Amino acid sequence: MNFSLTDEQRMLVESAERYGRDKYTFEERRHIGSNPEGFSRQHWNQFAEMGWLALAIPESCGGLGGTATDIAMLMEPLGSALIIEPVVDTAILAASLIGASPDPAQREQWLGRIATGELIVALAHQEQASRNEYDFQVRTSATRTADGWSLSGQKHRVFHGAAASVLLVSAHLEGTADLGLFIVDSHSAGLSSEHYELIDGSRGADIRLNGVQVPATALLMNGGLTEQALEQALDQAILAGCSAAIGSMEAVMAMTADYLKTRVQYGKPLAQFQALQHRMAEMFVETDQSRAILHSALAAVESTDAGGRQAAISAAKYQISKAAYFVASQGIQLHGGIGTTEEYAVGHHYKMAVMFDQRFGDASFHLDRSSLGIDQLDQPLKGALYA
Amino acid sequence: MELYMTAEDEAFRDEVRAFLRENLNEDVIRRSNTGMHPPNEDDRRWWNRMLAEKGWAASHWPAEYGGTGWSHVQHHIFELECRLAGAPELRWQGLRLIGPVLYTFGSEAQKSRYLPPILKGEEMWAQGFSEPGAGSDLASLKTSAVIDGDDYIINGQKLWTTEGQYCEQGFFLVRTENSDRPQKGISMIIIDMKSPGVTVRQIPMINGEGSTCEVFLDNVRVPRENLIGEPGSAWVYAKFLLSNERTSSADIHKARADLERIRNIAAHELKDGKPLLGDAGFRRKLAALRIEVDALEWSVLRVMHEAPSRHPISACASVLKIRGSSLQQKLTELMVEALGQRSLRVYRRDEAYAQPDGNPLWPAYTPGVTADLMYLRSCTIYGGAMEVQKNIIAKLAFGF
């Protein structure tokens, strides 16, 4: 076992940290958040140039073939910088789904264009009745036509749906019990969408499909494969999001520590008050434990035991959701009134914590998901070394 | 990053498991698992000897003093398997605390006199650090050591000396000079616990036993050669001693064993006629603690391997102590909750260690759980109280 970074990983982390410091400053971030598109195409293109959008894509499809650990390394500094761009949604979640297609031609065609930054792809999967992305009960239907499929239904809460030129639409295949995943141009005839702003400045969409005609090749996968691919892709998105959330926590701790050292009240810097020191120490504990549980999940990704993998990833989501809330909320508290203002970064980290908790299943959902099998006494609970 | 066990590690685990299976018997396992403090003295001395014969008693010591040269992961596997198998817990103070100080700072004479009996479990060690007026603020200690010919004459009182009633030797912090910096005049010295003037008195604790002691030192005459290292340098050795122990303060192996114990109790205790373990509310509590244990275990591995971090490793070590000790308490609280009202019965040591009589009203998993809960109130206090650990983090991680 070793925790050292490879040279490539170190370069990746340093380049992302530098980018956050020099180019994606908080002022820039605020500016992007007020852009009606809800992201910056200019930064997106630079992400592509840095190779970040290719990291999760296999080499055979024009990507860099990075591991889950590589992706986590990249995401931490991007989380510190509070990037809004859909790195997780497009370059990890959508890329993973497309990569699960059994058709190599489809994989190559789409993944290469994600890697170059040409395409923003969003998952259009949730519907009115679904509580989170892990709900696979969809009502949107796909009906066979002479040369393909006709899609009808309504998709709700499509994250980055306003920016996406391509959508991955889940639909129930008519006449079967199968769930299919279709790749659909967002400008297709019969497709209409309504956009709205989300708390982090990104834009979501509700999408209506009214007999949208797609060719047979648009069906990327169906049946059990779809659910399996969704589950795996969501799990990967969670790991990336977890790492970004840890980056956010580190940023909150750093800015709060700086603030406590400079702000003077009652004749001395706030940093000298023990109650506040201890609060910072508690934030440190939560962040440290978040990093540790992320390692647990990264180790489990390598494991062949699917149940153990899911439990470990859910455990990470639960811990890190709670920790991100705690750290950001205490960051605001320790800043006092200034922390609640729009022009100060710490409140935006809090918004990120809320987004992170709600995306891909909240803490309660993952607590239950992590506990599957906890009552099977013949199976000891596996720890770090038995993942 | 390679976050997995190698085939070599797996083989090592099998070897450890086989050794434990062959050598531990049911009575020892039952006594070890009851959670009485102090644990059974005969069992732990016997087990120390068994491990010494195998060459595993002081696994983390350098090979030249009887250690094994195992990797971090192998140490972790060994400790975990011992705990899960119900092996007696070896006494900490000799093997873990003073042993490394002696082989690092001690004289050749001290090494050859004291290390072999520690290794074999023949001499147990008492730790004399705290005093009535010096708890977390150890630097204010008052016990004095004054030179008289070839000896020191030692006077003072020590407190919270764990299991001092069993110990043959002790390592004590004493003031050898009055310095303007309170840490500076403190020395570390070895005292034979049978010396005239040493009185050990057990303190009745809320767990119903005397797991810790007061030690009175009344004109105790100790040879000057018993001083460890340089006079006035004990602060350095004490810090070394604690930094050596930076990962064991998490007590991660016990936490893993406790999770299994809670599951076992909750699988047999009924709520509305069904196993408590199936109750959604209980499961969530257990699941949340299991996640804390998983996180703690990985943070232990990170500190063991000195994983790259933007924060000082000592701050991360304080996290282990903070989270580990509070988790010990939460786990035993949930265990007591699982037991329900059965947890309210007091078991004396002989009852707790007795063969289960098969009475379904008082299942075999009942004794000792609540004694452990009571005992563990101390674990957020000893070894640097929770609040002191938070001070340390604030200073090391944030520069406050």
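What you see is a predicted model, and the numbers here were worked out from it, not measured in a lab. Below, all heavy atoms of this structure are taken into account, side chains as well, without hydrogens, waters or symmetry copies. We name chains A, B, ... by the order of the sequence lines, and we start the count at 1 in each one.
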Pick out which of A:D368, A:D375, A:L367 makes a side-chain contact (heavy atoms from CB on, under 4.5 Å) with B:R283. A:D375
Heavy atoms only: give me the nearest B:V319-A:Q289 pair and the separation to one decimal. CG1-NE2, 3.4 Å
Would you say the side chains of B:H311 and A:E250 form a donor-acceptor pair under 3.5 Å? yes
Nearest heavy-atom contact between A:A271 and B:F400 is CB-CD2, 3.5 Å
Correct closest heavy-atom pair for B:P308 and A:S4 would be CG-CA, 4.0 Å
Between A:A254, A:A257, A:A297, which has the largest tally of heavy atom pairs under 4.5 Å with chain B? A:A257
For the student: nearest non-hydrogen atoms of B:I291 and A:I293, plus distance: O-CD1, 3.6 Å
Checking heavy atoms, do the side chain of B:R263, its backbone, both or neither come under 4.5 Å from chain A? both
Could you tell me which portion of B:R323 (side chain, backbone, both or neither) has an atom closer than 4.5 angstrom to a non-hydrogen atom of chain A? side chain
Is it the side chain or the backbone of A:T69 that comes within 4.5 Å of chain B heavy atoms, both, or neither? side chain
Fit a plane to each ring of A:F3 and B:H305, take the angle between them on a 0 to 90° scale, and name the class: parallel (under 30°), tilted (30 to 60°) or perpendicular (over 60°). tilted
Can you say whether A:L260 sits under 4.5 Å from chain B via the side chain, the backbone, both, or neither, judging by heavy atoms? side chain
Could you go through the side chain to side chain contact (heavy atoms under 4.5 Å, CB included) check for B:M5 and A:M1 one step at a time? CA-CA 7 Å; B:M5 261 166 83; A:M1 187 169 283; 5.7 Å; no
Among A:R279, A:R291, A:Q272, residue most engaged with chain B (heavy-atom pairs, under 4.5 Å): A:R291
A:M283 versus chain B, the contacting section by heavy-atom distance below 4.5 Å: neither
Looking only at side chains, do B:N391 and A:H278 share a donor and an acceptor under 3.5 Å apart? yes
Closest non-hydrogen atom pair, B:A295 against A:A292: O-CB, 3.1 Å
